[in-house]
Amino acid sequence: MSQIDFHYLMPLLILTGGALLTMLVVAIKRNHKIIYVVTALSLIGSFLYLFELRGLQRHVVEPLFVIDGFAILYIGLTLLTSLVISMMSYAYFEQREERKEEYYILILLATLGACTLVISKHFASLFLGLEVLSVSLYALISYLRMRERSDEAGIKYLILAAVSSAFLLFGMALVYASTGTMTFEGIAASIASAYDLPLLMLTGFGMMIIGVGFKLSVVPFHMWTPDVYEGAPAPVTAFIATVSKGGMLGLLIRLFMQVEGFRFQTLVLIFTIVAIASMFAGNLLALMQRNVKRILAYSSISHLGYLLVAFLAGNELGVEAITFYLVAYFITTVGAFGVVTMLSDSEGDAEQLEDYRGLLWRRPWTAAVFTAMLLSLAGIPLTAGFVGKFYILAAGVNTQLWLLVAMLVLNSVIGLYYYIKLIAVMFQQPEAGREPVERLRPSILLASAGTLAVLALLLLYIGVYPTGLVNLIEGLISPATMVQNPSAPLLEAAK
Amino acid sequence: MTNIPMEAGLLLAGILFTLGLISVLIRRNIIFMLISVEIMLNAAGLAFIVAATRWAQPDGQVMFIFILTMAAAEVSVGLALILQLHHQLKTLDSDAANKMFG
């Protein structure tokens with residue numbers, strides 16, 4: 001590796017260094033505050049370094065990594081989300097576990113894994129990033145050892161994630177067997193002239209889709225989602241819903257753009273079915289839930305379905321739409337789980353619908369933020385969620401995916417019902433005598449409250465004035481088109 | 001050695017993989033489920049080695065070492081979780097560890 005490679009990989013190296021430093025600090029002195037500051041500083045440092053790389057040319061670290069505008073955008077998004085989540089974790093863990101320091105090491109490592117995913121262009125780095133992310137997540141999910149459901153969620157996630165990794169690996173092996181290369185552009189070159197995929201390749205891609213679909217929690221690989229969301233601590237749930245899925249989606253986009261996967265009818269058909277099934281299953285099952293974390297779990301399944309619509313559009317507009325929607329989805333999901341985090345006490349997370357009854361009268365500001373987040377998830381105008389959904393619809397209409405667009409609109413209506421139901425619960429009069437005891441000094445909650453306020457403002461800002469974000473996304477994605485040799489027929493192929 | 005066709009090797013890996021998958025689905029003891037997952041991962045590793053032999057490249061073996069390392073990390077976390085679970089439930093039956101559903 002040359003010096004310039006180090007320069008380009010610096011954001012990841014800072015994260016690695018941060019994780020090691022945190023580990024050393026834990027060994028010397030267990031102090032929640034110090035660890036917290038070290039974590040925040042390494043995330044911020046890594047993020048600031050991205051500005052150094054921003055204007056530069058696309059750089060390839062052969063054969064594993066590629067750093068281009070797309071990668072910088074996704075790494076920045078991941079880092080900011082992790083930062084926000086660790087801001088909110090401080091108050092949450094201050095009142096719970098006696099050993100809360102290792103949590104931050106795991107968060108840093110999981111972030112590193114997600115960042116590795118979005119810059120990888122080789123099966124080995126893909127696998128490495130995925131596993132660094134997954135193994136950290138197993139421990140994070142079951143972090144609150146005293147809670148029974150935490151362990152259950154952890155072991156369920158572990159077994160299922162390992163099975164899905166096995167599928168992914170076997171798929172990669174089959175693709176490798178038929179092409180003889182593991183780099184994305186090598187695979188693209190070997191099937192560039194083919195009109196139809198050979199059986200071995202098709203099986204390989206199918207098995208890889210199983211592995212990827214599990215991480216994205218799309219139907220029919222979504223079974224773990226509600227249980228894990230319910231059992232995991234609220235900040236970790238926010239992490240799974242955003243960073244882990246975002247990293248995987250970034251990788252999927254890069255792989256498919258490179259191999260021009262949309263030329264192949266079978267793959268398009270698979271993704272279409274998955275997208276429609278995710279939208280319907282997510283929204284319909286969410287209607288029956290009484291647990292807020294489970295409602296958000298099913299809602300995230302349907303949101304991934306929406307994202308796949310833009311993914312299937314498969315052109316540059318589609319990628320922009322996905323990125324915009326991801327930003328909106330990250331802000332809203334982190335915000336919603338942030339509210340859950342803030343309302344949780346040391347007994348358990350605030351997850352029952354009852355915990356939210358009359359929230360507006362007890363804590364008006366928190367309720368207002370939660371309402372804003374829910375409205376954005378539903379896609380009501382003036383929020384970021386609306387602009388994101390509009391963008392996705394534009395991408396779908398542009399490539400004439402009429403069926404998917406119709407399904408999206410229909411599902412938005414279904415989704416509206418349970419978001420509004422949740423908001424209605426908050427507006428009801430509280431029952432007497434259910435006043436939860438405030439255990440924390442308000443100064444600790446200040447960080448969480450400030451973060452939530454910033455998220456809510458950001459949500460409204462993007463909803464009212466989306467041009468700034470759109471320009472940022474276009475500026476980063478367009479000049480460095482992700483395909484090695486940019487090709488025009490993508491647009492026609494997507495039809 | 002070289003006259004074993006690639007398809008035979010892949011078929012063997014596929015059979016091992018299917019056996020592992022079936023046993024994950026039907027076993028109720030969590031430790032056995034973990035072992036079955038290991039079988040699936042190693043089947044994928046075998047497939048990598050077979051593929052690498054076809055192209056006479058070392059990449060497949062590199063991937064296999066990656067897989068071994070990852071499986072070790074995964075099992076260590078998994079066994080720690082199982083210990084924790086056994087403390088709480090006094091059993092390793094995976095049906096007992098199913099409090100959340102529906």
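First the proteins, then the strands, lettered A, B, ... as listed; each starts at 1.
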Arg54(B) side-chain N/O to Ala177(A) backbone N/O, donor-acceptor pair under 3.5 Å: yes

Per-residue contacts, residues 159-173 of chain A versus chain B, heavy atoms under 4.5 Å: Ile159(A), Ala162(A), Val163(A), Ser165(A), Ala166(A), Phe167(A), Leu169(A), Phe170(A), Met172(A), Ala173(A)

Ala52(B) versus chain A, the contacting section by heavy-atom distance below 4.5 Å: both

Phe32(B), CZ: over 12 other non-hydrogen atoms inside 6.0 angstrom: no

Contacting moiety of Ala80(B), where chain A heavy atoms sit under 4.5 Å: neither

Which portion of Val24(B) sits near chain A, non-hydrogen atoms under 4.5 angstrom: side chain

Taking every non-hydrogen atom, the tightest pair across Leu158(A) and Glu74(B): CD1-O, 4.0 Å

Options Met33(B), Gln57(B), Met6(B), ranked by heavy-atom pairs under 4.5 Å with chain A, top entry: Gln57(B)

Intermediate values then yes/no, side-chain contact (heavy atoms from CB on, under 4.5 Å), Asp151(A) and Leu89(B): CA-CA 11 Å; Asp151(A) 283 332; Leu89(B) 301 173; over 6 Å; no

Portion of Arg290(A) that has a non-hydrogen atom of chain B nearer than 4.5 angstrom: neither

Heavy-atom closest contact (Phe66(B) atom, Ala124(A) atom, distance): CE1-CB, 4.1 Å

CG-CZ distance between Leu81(B) and Arg145(A), expressed to the nearest 0.5 angstrom: 11.5 Å

Atom group of Leu21(B) that falls short of 4.5 Å from chain A, counting heavy atoms: side chain

Under 4.5 Å from any heavy atom of chain B - which part of Leu285(A): neither

Contact class of Gln84(B) relative to chain A, heavy atoms under 4.5 angstrom: both

Met182(A) side, atom CE; Trp55(B) side, atom CH2 - distance, nearest 0.5 Å: 12.5 Å

Approximate separation, where rounding is to 0.5 Å, of Ile155(A) CD1 and Leu34(B) CG: 6.5 Å

Straight-line distance of Phe48(B) CZ to Phe127(A) CZ, nearest 0.5 Å: 8.0 Å

